[in-house]
2 protein chains.
Amino acid sequence: MARDIQERIKKLIIDQRLPSGAPLPTEPELMKLLGVSRNSVREALKALQAMGLVDIRHGFGTYVGQMSMAPMIEGLAFRTVAGHYRGEDSLRQLLELREAVETGLVAQHACRLPEEDLAELEALVDRMDAMAEAGAELELAQTDRDFHAALYRGLRNPLLSELLEAFWDAFHRVQRDLVDVPQDPRTTCRRHRDILDAVRSGDVLRAERALRDHFGHLRTRLGPPRSGQPVAGGAEGEDVRSRESPRDPVAVGGSSLAAREV
Amino acid sequence: MARDIQERIKKLIIDQRLPSGAPLPTEPELMKLLGVSRNSVREALKALQAMGLVDIRHGFGTYVGQMSMAPMIEGLAFRTVAGHYRGEDSLRQLLELREAVETGLVAQHACRLPEEDLAELEALVDRMDAMAEAGAELELAQTDRDFHAALYRGLRNPLLSELLEAFWDAFHRVQRDLVDVPQDPRTTCRRHRDILDAVRSGDVLRAERALRDHFGHLRTRLGPPRSGQPVAGGAEGEDVRSRESPRDPVAVGGSSLAAREV
DNA sequence: AGAGTCAGCTGCTCTAACCAACTGAGCTAG
DNA sequence: CTAGCTCAGTTGGTTAGAGCAGCTGACTCT
């Protein structure tokens, strides 16, 4: 039934053609409109918020969300972290995903990048160099992200662009939290310049190779491949009726320390 | 603060290495554990459920979710439907996304598909033919999905496979609900057989072309391209403080009719 | 005219109670 | 003795009412 409430709110957004940012009915209004209690309305809204469909602002109102891929990053990052800790190769899978998509894309349109995009890429690589010199790790990463975003801007497909940026975000968030690899900024810069040069030359194969080298470099930094499959632990849940002892109470209480987001 | 509760539950899953299907503390336990009211716990769980991170079963308990891409389908489908109704080209963008990823992938590994996978693809195309003859639209679509899934199984990257299946699901759900194109089952079968033959031949370029033809065919069925950009309607929300009249109360009340999921 | 205050929205959290689904122990009837 | 039922006790689902917190806008005092 809670699911039903969500569906009805979604239907309301669809039927009214509400654009991103449009105000939704207030909680009391939704109560009367849907004929359910305040609590149910709130739970439905919370779920929709988690999916990025609505945007709730305290003391202000509820609005149609931007429908970005942000919640997907959240889910992907969590899935990756959880898998990593369970001994799966999730981080490598995520990197392979980026590699597969990006190399496929660059092969498709690398030869027809307009000059203005090339110029922007050039400027970005220059900025990366400068930041590598200055030792500004954070800004370097941001520029790295911008580089990859600019590379696929020419596709004129915002959905695709958002998705790739989402993958980038998820990967870097998890990598930053899980593995503490000593970055070599200069190498990173060089790889990106290689990619740019290859793209500028219009040589599709060379561009693909440069990109693959870049990802290969990243992959080696993840360390040796872990056991391909996880420990196959515990029959995948399936029918866990045996709710034995509810586990020793974990120390979750007041840990605002180590609130590293995960 | 509600966000904080979600984070702490996520942290609990991570820290305890809980696998999919493992039981989580009950709601009263979480209340004491986190020191918040039941209501807040429930709202956090609802949000996590929406992201597929936990699985709530009435009268049974709360469990760690399968972390599948299902919630992403939900979000993607909604985003696409909403965009479509707002005059954007969202459905075409989604199709282009599939095309870009799949053509990129097939180029990478089409030439090294093991014989067993080829045999499975063959069997699937045969089944598609049979279903096309029988006029079983639904089963045909399912087999179509299986075909595309089998095509990328050799990559041994479950994340990638799930994502592609998620794209397929989202696209077909939206297409089924939005546009009522008269399918020509035989053509669909032929296109898939072309892809299979090309892949079997080991000719990468031919495989890529076959796949691109397939998507091109789908694209033409979406009708002529809509205005590249949306109507640019209403400054993208941004700072909608002007909460004017809350809109005429939409008829959402008792519509279990037309509960077509959207 | 400008700054402060207050009433009124908004969403946020808590408490308490009851409803509904499911389990498992114990009872009853065969 | 077993098959089936019933009934307590668990779980999550829903409702109600109260008060708290953030924001806005108009009103008032300086």
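As the structure is a computational prediction, the values presented were derived from the model and not from experiment. Letters go in sequence order (proteins before strands), and every chain restarts at 1.
As a whole-Å value, the separation of B/His58 NE2 from D/dG13 P is 6 Å. Taking atom CG of A/Leu45 as the reference point, atom P of C/dT10 lies 14 Å away to the nearest angstrom. Taking atom CG on A/Leu24 and atom C1' on C/dC9, their separation rounds to 17 Å, with Å as the unit. Remark: P of D/dG12 and CD1 of B/Ile9 are 11 Å apart, rounded to the nearest angstrom. The interatomic distance linking A/Leu34 (CG) with D/dT14 (C1') rounds to 14 Å, in whole Å. The distance between atom CG of A/Leu30 and atom C1' of C/dG11, rounded to the nearest whole Å, is 12 Å. In this structure, the CZ atom of A/Phe60 is 9 Å from the P atom of D/dC23, given to the nearest Å. Distance A/Lys32 NZ to D/dT15 C1': 18 Å, rounded to the nearest Å.
Here B/Thr26 does not reach the OP1 or OP2 of D/dT10: none of its side-chain N or O atoms lies under 4.0 Å away.
Residues satisfying the salt bridge (charged side-chain N to carboxylate O under 4.0 Å, His left out) criterion with A/Asp144, sequence neighbours excluded, are absent altogether. Applying the side-chain hydrogen bond (donor to acceptor under 3.5 Å, both in side chains) rule to B/Arg38 yields the partners B/Glu27; only residues at least two apart in sequence or on another chain are considered.
The side-chain heavy atoms of B/Lys10 and A/Glu74, taken from C-beta on, include a pair separated by under 4.5 Å. Residues A/Lys11 and A/Ile14 fail the side-chain proximity criterion, which asks for heavy atoms closer than 4.5 Å.
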So which protein N/O to nucleotides 13-17 of chain C N/O distances come out below 3.5 Å?
from, atom 1, to, atom 2, distance (Å)
C/dT13, OP1, B/Ala2, N, 3.4
C/dC14, OP2, B/Ser37, N, 3.1
C/dC14, OP2, B/Ser37, OG, 3.1
C/dC14, OP2, B/Ser40, OG, 2.6
C/dC14, N4, B/Asn39, ND2, 3.2

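The distance from the OH atom of A/Tyr63 to the CD1 atom of A/Ile56 is 11.5 Å, given to the nearest 0.5 Å.
Nearest-nucleotide positions on DNA chain D place B/Gly59 closer to the 5' end than the other of B/Gly59 and A/Gly59.
Shown are A/Gln49, A/Lys46, A/Arg42; of these, the side chain to side chain donor-acceptor pair (under 3.5 Å) with B/Glu43 is made only by A/Arg42.
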